[in-house]
Amino acid sequence: MATEYFVKLWDNNIIQLGIWQTIYMTALTTIFAYLIGLPLGVILWATDKDGLHPNKGVNGAVIVTLIIAAAPYVARMVESSLKEVPAGVIEAAQAMGCTNFQIIWHVLLPEAKPSLISGCVISTVTILSYTALAATLGGTGLGQIAIIHGHQRSQKLVVWVCVLLIVVIVQLIQIVGTTVVRKTDKRAR
């Protein structure tokens, strides 16, 4: 019975639509979270007590958490990645007379690129989990299918298939992310 119901969902393209909606929500949210989170992460790093321009008022980042759910998480991931850049590299750039903007754009971001990409993978997977939770508030995607067509109709197979599909999407994100990190990490060569 459960198998027949799942086949019906598949034949009516409900599962395929759910996959597309989940990937779409994850990708769009990740892009906008990084448009907000990347500069915020740089600001958090630069205004940290050990940053280029320490500022406790800005670095507290309380307002950031009110902007959007994913952006503060991304900002902290970016800040953590930037903190991995050795202080000597930044000092060398300062000694050469680079401006703060030049240090950030031409030294800090390129040096932190592999870590930034790894953080992006982690953030994307976290945002993917947000999309599944969003279904409880009326969101679409695989989470909605799992709740409406699986849980509410006691079709456990539908729930498990949706979970499996989300795991597959996570694994694909991980594989792509790991491949990109390997290709961009000059230390691994």
Side-chain angles (χ1 to χ4, degrees), residues 22-134 137 139 141 143 166-167 169-189:
T22 299
I23 292 170
Y24 176 76
M25 285 188 294
T26 301
L28 202 57
T29 302
T30 301
I31 289 166
F32 282 104
Y34 264 84
L35 287 174
I36 295 168
L38 183 65
L40 288 175
V42 170
I43 290 168
L44 287 171
W45 175 84
T47 59
D48 187 59
K49 64 180 168 71
D50 298 323
L52 294 173
H53 194 332
N55 185 324
K56 285 184 181 180
V58 173
N59 196 267
V62 175
I63 296 171
V64 176
T65 59
L66 301 175
I67 297 172
I68 193 167
Y73 180 76
V74 169
R76 288 295 179 190
M77 293 292 281
V78 170
E79 179 190 24
S80 176
S81 294
L82 297 177
K83 283 185 175 184
E84 292 178 16
V85 176
V89 173
I90 296 163
E91 290 168 7
Q94 287 172 325
M96 292 173 29
C98 292
T99 65
N100 288 348
F101 178 79
Q102 289 171 327
I103 292 170
I104 291 167
W105 193 253
H106 296 291
V107 177
L108 199 59
L109 292 175
E111 286 291 321
K113 191 187 310 183
S115 180
L116 288 168
I117 295 168
S118 292
C120 181
V121 170
I122 294 167
S123 298
T124 303
V125 170
T126 301
I127 292 167
L128 176 64
S129 71
Y130 294 171
T131 68
L133 292 173
L137 302 172
I166 289 173
V167 169
I169 293 169
V170 167
Q171 291 304 311
L172 290 172
I173 292 168
Q174 284 290 141
I175 290 168
V176 169
T178 303
T179 302
V180 173
V181 167
R182 283 189 188 135
K183 289 184 182 215
T184 60
D185 193 352
K186 64 184 179 191
R187 297 171 295 179
R189 293 180 189 163

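The analysis underlying the following values was restricted to heavy atoms, covering all of them including side chains, and did not include hydrogens, waters or symmetry mates.
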**Prompt:** Taking all non-hydrogen atoms of both residues, which atom of Gly37 and which atom of Val78 are closest, and how far apart?
**Reply:** O-CG2, 4.2 Å
**Prompt:** Within the distance-only criterion (no hydrogens, no angle test), does the side chain of Thr126 pair as donor or acceptor with the backbone N or O of Ile122 below 3.5 angstrom?
**Reply:** yes
**Message:** Within this structure, what is the CG-CD1 distance for the pair Leu40 and Ile36, rounded to the nearest 0.5 Å?
**Reply:** 7.5 Å
**Request:** List the atom of Ile127, the atom of Thr26, and the distance in Å for their closest heavy-atom pair.
**Result:** CG2-O, 4.1 Å
**Which atom of Lys83 lies closest to which atom of Trp45, heavy atoms considered** = CG-CD1, 3.7 Å
**Message:** Quick check: closest heavy atoms across Glu79 and Leu44, and the distance to 0.1 Å?
**Reply:** OE2-O, 3.8 Å
**Fill in**
Heavy-atom closest pair (Val74 atom, Leu38 atom, distance to 0.1 Å) is CG1-N, 4.2 Å
Under 3.5 Å, which donor-acceptor pairs link side chains of residues 108-121 to any protein atom two or more places apart or in another chain?
residue, atom, partner, partner atom, Å
Glu111, OE2, Lys186, NZ, 2.8
Ser115, OG, Ser81, OG, 2.8
Ser115, OG, Glu84, OE1, 3.2
Ser115, OG, Glu84, OE2, 3.3
Ser118, OG, Pro114, O, 3.2

**By side chain to side chain contact (heavy atoms under 4.5 Å, CB included) - contacts of Leu28 (at least two apart)** = Tyr24, Phe32
**Asked** Ser123 and Met77: which non-hydrogen atoms are nearest, and at how many Å?
**Response** OG-CG, 3.7 Å
**Message:** Can you confirm whether His106 is buried at NE2, in the sense that more than 12 heavy atoms of other residues, nucleotides or ligands lie under 6.0 Å from that atom?
**Reply:** yes
**Request:** Begin from the C-alpha positions of Ile169 and Val125 and carry the test side-chain contact (heavy atoms from CB on, under 4.5 Å) through to its verdict.
**Result:** CA-CA 9 Å; Ile169 293 169; Val125 170; over 6 Å; no
